[in-house]
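Protein chains get the first letters and strands the later ones, always in sequence-line order, with residue 1 at the start of each.
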Number of protein chains: 2
Amino acid sequence: MNEQNVIRALAALAQEVRLRVFRALVVAGPEGMTPGALAAALAVAPTSLSFHLKELTNAGLLMQSREGRNLIYRADYACMGDLMAYLTENCCRGTPCAEAAPSCTNC
Amino acid sequence: MNEQNVIRALAALAQEVRLRVFRALVVAGPEGMTPGALAAALAVAPTSLSFHLKELTNAGLLMQSREGRNLIYRADYACMGDLMAYLTENCCRGTPCAEAAPSCTNC
DNA sequence: TTCATTATTCAATAATAATTGAATTATTGG
DNA sequence: CCAATAATTCAATTATTATTGAATAATGAA
């Protein structure tokens, strides 16, 4: 993950609606959620939710698929892990503390 | 760490200069760096650097102290760890994957 | 095919953030 | 105290982001 991708991901998460959407999808796990379910759970206008889902998806934090007339969004755990690794890279020049290692890659 | 703090921290990091400053300070470790050293290393105008250092500090990501006529900025590793924990909280409803546990708290 | 549902895109407005240069504050040494 | 160094604050401009309502696209069922 390069600097530009990291900035996009951080900017995507740095907004109330998007942070809530992302966290809801992290909790939801592999099943994901539809925009309708997210809109209901978070009380966001559909237009606004669409905008934010697109931002998160463009940033690489979400994956989208279709199931019938519903779309399903899922958190991209690998992207989240890469992001965290980037922030802690070469922490204290490598020693004495280990780098932070996200352990959530098997989702 | 609450939602508002998390958003402030993410927004602070979602900018090229600030991300570079923060990462440089993560690498620098407990010694920290002066604005002058950061300005030289990253080729940023002093005024602009000051603005960004303030943003990062207000977001809780940096700590400031004075040493003679120099100021010293250091990364706040606890804040960074809290931030990462927040993003992965209740990942997949708690199972089957463990939550990401940043291991860089002894810096 | 026609209607209802689900969700997105578009265009306009409102709000927030970044950069620049000039002026100011704080500290140390002569 | 006065000059030099280190860094910040202020004010103006420019650029980016978010929200809203109306219109559009895609799917499935009668």
Side-chain angles (χ1 to χ4, degrees), chain A residues 3-25 28 31-76, chain B residues 3-25 28 31-76:
Chain A
E3 183 182 69
Q4 204 180 345
N5 295 145
V6 169
I7 289 173
R8 278 207 206 100
L10 290 167
L13 291 170
Q15 203 276 343
E16 188 178 296
V17 171
R18 291 196 295 263
L19 182 58
R20 289 180 183 177
V21 165
F22 183 75
R23 294 228 309 161
L25 292 174
E31 281 180 37
M33 292 176 78
T34 64
L38 285 165
L42 305 175
V44 181
T47 296
S48 186
L49 181 62
S50 254
F51 172 78
H52 292 303
L53 285 170
K54 193 177 169 187
E55 294 284 304
L56 285 164
T57 304
N58 287 342
L61 288 161
L62 302 186
M63 292 187 307
Q64 187 199 58
S65 60
R66 180 175 281 279
E67 198 153 305
R69 69 176 66 173
N70 291 308
L71 290 173
I72 299 186
Y73 285 92
R74 295 178 181 82
D76 186 327
Chain B
E3 183 181 69
Q4 204 180 344
N5 296 145
V6 169
I7 289 174
R8 276 207 207 100
L10 291 168
L13 292 170
Q15 203 276 343
E16 189 178 296
V17 171
R18 290 195 296 261
L19 182 58
R20 289 180 183 177
V21 165
F22 182 74
R23 295 228 307 160
L25 292 175
E31 281 180 38
M33 291 176 77
T34 64
L38 286 165
L42 305 175
V44 181
T47 298
S48 187
L49 180 63
S50 254
F51 171 78
H52 292 304
L53 285 169
K54 193 176 168 187
E55 294 285 304
L56 286 164
T57 304
N58 287 341
L61 288 161
L62 300 186
M63 292 187 307
Q64 188 198 58
S65 61
R66 180 176 282 278
E67 196 153 308
R69 67 176 68 171
N70 291 307
L71 290 173
I72 299 184
Y73 285 91
R74 295 178 180 83
D76 186 327

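- For the pair B/R66 and C/dA26, the criterion of a side-chain N or O lying under 4.0 Å from OP1 or OP2 is not met.
- Side-chain N/O atoms of B/N70 include none lying less than 4.0 angstrom from OP1 or OP2 on C/dT27.
- Between A/E67 and A/E55, the residue anchored nearer the 5' end of DNA chain D, judged by the nucleotide with its closest heavy atom, is A/E55.
- Salt-bridge formation is detected for the pair B/E3/A/R20: a Lys NZ or Arg NE/NH1/NH2 atom is positioned less than 4.0 Å from an Asp or Glu carboxylate oxygen.
- Rounded to whole Å, atom C1' of D/dG21 lies 16 Å from atom CZ of A/F51.
- In this structure, of C/dT27, D/dA7, C/dT8, it is C/dT27 that holds the atom nearest to the side chain of B/R69.
- Residues B/I7 and A/Q15 have side chains not in contact (no heavy-atom distance under 4.5 Å, counting atoms from C-beta outward).
- Between B/R8 atom CZ and C/dT16 atom C1' the separation is 15 Å, expressed in whole Å.
- What separates CG of B/L38 from P of D/dA6 is a distance of 14 Å, to the nearest Å.
- The CG-C1' distance, from A/L71 to C/dT9, rounds to 14 Å in whole Å.
- Between B/I72 atom CD1 and D/dA7 atom C1' there is a gap of 13 Å when expressed in whole angstrom units.
- Among B/L61, B/L49, B/L56, the single residue meeting the side-chain contact (heavy atoms from CB on, under 4.5 Å) criterion with B/R18 is B/L56.
- For B/Y73, no side-chain nitrogen or oxygen approaches OP1 or OP2 of D/dA6 to under 4.0 Å.
- Residue contacts for B/P35: at a heavy-atom cut-off of 4.0 Å it reaches the sugar-phosphate backbone alone, with no base atom in range.
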After noting the C-alpha distance and the side-chain angles of A/L19 and B/L10, does the key distance pass the side chain to side chain contact (heavy atoms under 4.5 Å, CB included) rule?
CA-CA 10 Å; A/L19 182 58; B/L10 291 168; 4.2 Å; yes
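- Rounded to an integer number of Å, the gap from CD1 of B/I7 to P of D/dT17 is 16 Å.
- At least one donor-acceptor pair under 3.5 Å links the side chain of B/R66 to the backbone N or O of B/G68.
- In this structure, the CG atom of A/L53 is 10 Å from the C1' atom of C/dT8, given to the nearest Å.
- Here A/T47 does not reach the OP1 or OP2 of D/dT20: none of its side-chain N or O atoms lies under 4.0 Å away.
- Proximity of B/H52 to the phosphate of C/dT19: a side-chain N or O atom is located under 4.0 Å from OP1 or OP2.
- The CG-P distance, from B/L49 to D/dA7, rounds to 9 Å in whole Å.
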